[in-house]
Amino acid sequence: MSKFRMFDLNPEQQNAATHGTGPLLILAGAGTGKTRVITARMAWLTAQGHSASRILGVTFTNKAAKEMKNRVVDMIGTEGAKDITISTFHSLCVRILRQSAHLLGYKDNFSILDDSDQSGILKKIIHRTAAKDEKLDPAVARALISKAKNSGWNAPPTEATLLGAVYLRYQDELKGLNAMDFDDLLLLAVRVLREHAETATHWQERYEFLLVDEFQDTNRLQLELVSLLAGKHPNVCVVGDDDQSIYGWRGAEVSNILEFERHFPNPVIVKLEQNYRSTNTILNAANRLIRNNVRRRGKNLWSAAGEGSPVHVLAMRDDREEAELVTSEIAAHRHAEQLPWEHFAILYRTNQQSRPIEETLRKLKIPYRLIGGKSFFDRREIKDVLAYATCLINPSNDPSLLRILRTPPRGIGAVTIENALEQSRNGSLFEVLRTPELSDTVSSRTRQAITAFCDLIETYRIRLSTPSSDPSSILRTLLEESGYFEDLQRSCKTPAESLRREENVRSLLRDLSEYKDHKGLSTFLDEITLDNDRQEEQTESSTGVTLITLHAAKGLEFPHVYLIGAEDGLLPHQRSKSEGTVDEERRLFYVGITRAMKTLTISHALQRVKYGSPMSCQRSPFLSEIVGEGVLESTGTEILNQPASEEMAADHFALLKQMLSN
DNA sequence: AATCGTCTGCTTTTT
DNA sequence: GCAGACGATT
């Protein structure tokens, strides 16, 4: 055990890391070193002689999984850590289902649909199902179906309601396409474990120790999955913070962590309250805010870092003044203390709030990175290439097939496709295209084009299935042979655009050829659909001031944080007020505050442009919960008239002058 | 099939 | 105020 002093754990962390068997709940406040504890625990387990291959860590994001893996490697070395499994919920389910989907009537080569495929299919089904006077927004349907899959239906879906009918047809359709959406991955993995004892036993024996990260964000299905994997002797260690549960709207159940004892009786509970990130002034403000929530375990963060500088609450005249003051203050602060831009972050409730900030930053020529833009994935050419790849794995995937059927145009017209789709109803389009009956209804020229297309796909499918084949060169040849690159060029307005798109395709193919462990095209596609980071690495500039929503900021930290738009109706959001989820908004605010390491500035405007016109705004009721010792309130005008130091004054002045001259 | 114009409706988004 | 969707128009 003395070995574990090496990891520099405080007594509570040590208790958690060295817990033996049975359920363990670690209530880890923001910045209390939960990743350190989880990884130290993994290290400890292996040091106790437990086999690394029987330890499973589960996270929500690939980023968190990677991070965790790196940290274990740092602790016990590559050799000791390499057999520990660390996986996201979804990729774990994919692994289970690739092995057992046939037990549920799917094929094991099923495709995973992304959001846009899902929307497309739903739109089609709604159109087909709804009567003339009935209306159902595909986005709403998607949200409701997702919620139902993750939390269960109040009543089983029936044909009686439009939504029920759409749902049933949607599931049928997906099965016909041999495809699953993100929610199905969880739903079906749980189903296969629940209904097939031998599968459940297999996985229960495979892993002896389970460690679950961000437990407050788990939904009903995820809890059930954990439960099923744990089996009768639950060595389940979960880490989470009920005060940071901000995904209730996505089906996360705070009750999973609040009522942990109900799901896993007699757990050991460890509270981590020592924070290693922020000053006490910041933590006290956070504590004062969050204690206004009723349903919580209760904890009080403290830090050994001292009091630090005051938290500023700024009342601004309008959103413009807010943007100008925040940005110029960042510029001045950076200049005065010679800090990199990366030390600063601006946090906000809704994406559109970034706009005025971006404009001002651009004016001042301050570099910034905006988190949460469009992904690499949404690029047309990337979707095209992935659709080609998907069809080689699973030609029943209609959305992908439809995509490549017209890119490039190959003499199969819209009418033909429409007819074929009509015939395919509950099966796949590819099957219909291959059937000779279609010949009766189409011209011989079209028939020829269809046959050529099907042959093309079949040929390449065979090539791909040859052992020792190289997926990336096969895919490249397929794209060349089908004239994809010419079509891409033709469809681009400028040579520069076509060059860029071609480079994107090449980079994707390079990625594939360098894909480690050459586990095959199918796994590559899984990883790409399940991993958003992969795409973002390529698009984001990684330097500058960070602009980020409160949701996306969870888990991150910045030395200097500006939380803007602390107004009633924005934070808490109007909608949360009408839906009765103000507590979650308070947690969101709490998450924002606890991102700050050294300084925190919270601003609100008295007037803000909303939907084009200026509206007057009340300050957020949360602000009166935060004020107290160490919190300074001031107005924009005061700041501009009496800056802290002469140096700052000069900077402010120079910057404002520069801004006005632009 | 592509482009233009008008209408609508407006959080958050780990996978 | 503006993006995105949809329908009318060429």
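Only a predicted model underlies this, so the values are computations on that prediction, with no experimental measurement involved. Each chain gets a letter, A, B and so on, in the order its sequence line appears, and its residues count up from 1.
The nearest whole Å value for the distance from the CD atom in A:Glu214 to the C1' atom in B:dT15 is 14 Å. Across the protein-nucleic acid pair, A:Met180 atom CE and B:dT15 atom C1' stand 15 Å apart, rounded to whole Å. Between the CD atom of A:Gln222 and the P atom of B:dT14 there is a distance of 14 Å, given to the nearest Å. Atom CD1 of A:Ile126 and atom C1' of C:dA5 are 14 Å apart (whole Å). Look at NE2 on A:His90: it is 11 Å from P on B:dT14, rounded to the nearest Å. Rounded to whole angstrom, the span from the CD1 atom of A:Ile145 across to the P atom of B:dT15 amounts to 22 Å. Summarising the geometry, the separation between CD1 on A:Ile371 and P on B:dT14 is reported as 11 Å, rounded to the nearest angstrom. Per the geometry, CG belonging to A:Asp241 stands 16 Å off C1' belonging to B:dT14, to the nearest Å.
Checked for salt-bridge contact, A:Lys363 and A:Glu359 miss the test: no charged N lies under 4.0 Å from a carboxylate O. Taking 4.0 Å as the cut-off between side-chain N and carboxylate O, A:Asp213 and A:Lys34 count as a salt-bridged pair. By the 4.0 Å N-to-carboxylate-O rule, A:Glu567 lies close enough to A:Arg608 to be salt-bridged with it.
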Considering only nitrogen or oxygen atoms on both sides, find all protein atoms under 3.5 Å from nucleotides 5-12 of chain B and state each distance.
residue, atom, partner, partner atom, Å
B:dT11, O4', A:His573, NE2, 3.4
B:dT12, OP1, A:Asn351, N, 2.7
B:dT12, OP1, A:Asn351, ND2, 3.2
B:dT12, O4', A:Arg349, NH2, 3.2
B:dT12, O2, A:Trp249, NE1, 3.2
B:dT12, O2, A:Arg349, NH2, 2.6
B:dT12, O2, A:His551, NE2, 3.3

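For the salt bridge (Lys or Arg N to Asp or Glu O under 4.0 Å) test, no residue two or more places apart in sequence or in another chain qualifies with A:Arg95.
B:dT11 has its base syn relative to the sugar, with a glycosidic angle deviating from 0 by at most 90°.
The residue A:Arg142 sits apart from the nucleic acid: no heavy atom pair falls under 4.0 Å.
Rounded to the nearest Å, the gap between the C1' atom of B:dT12 and that of C:dA5 is 23 Å.
A:Tyr247 and A:Gln216 share no donor-acceptor pair across their side chains, judged by distance under 3.5 Å alone.
Around CD of A:Glu579, the count of heavy atoms belonging to other residues, nucleotides or ligands within 6.0 Å exceeds 12.
Considering A:Asn219, A:Asp183, A:Asp184 in turn, A:Asp184 is the only one that fulfils the side-chain hydrogen bond (donor to acceptor under 3.5 Å, both in side chains) rule with A:Lys149.
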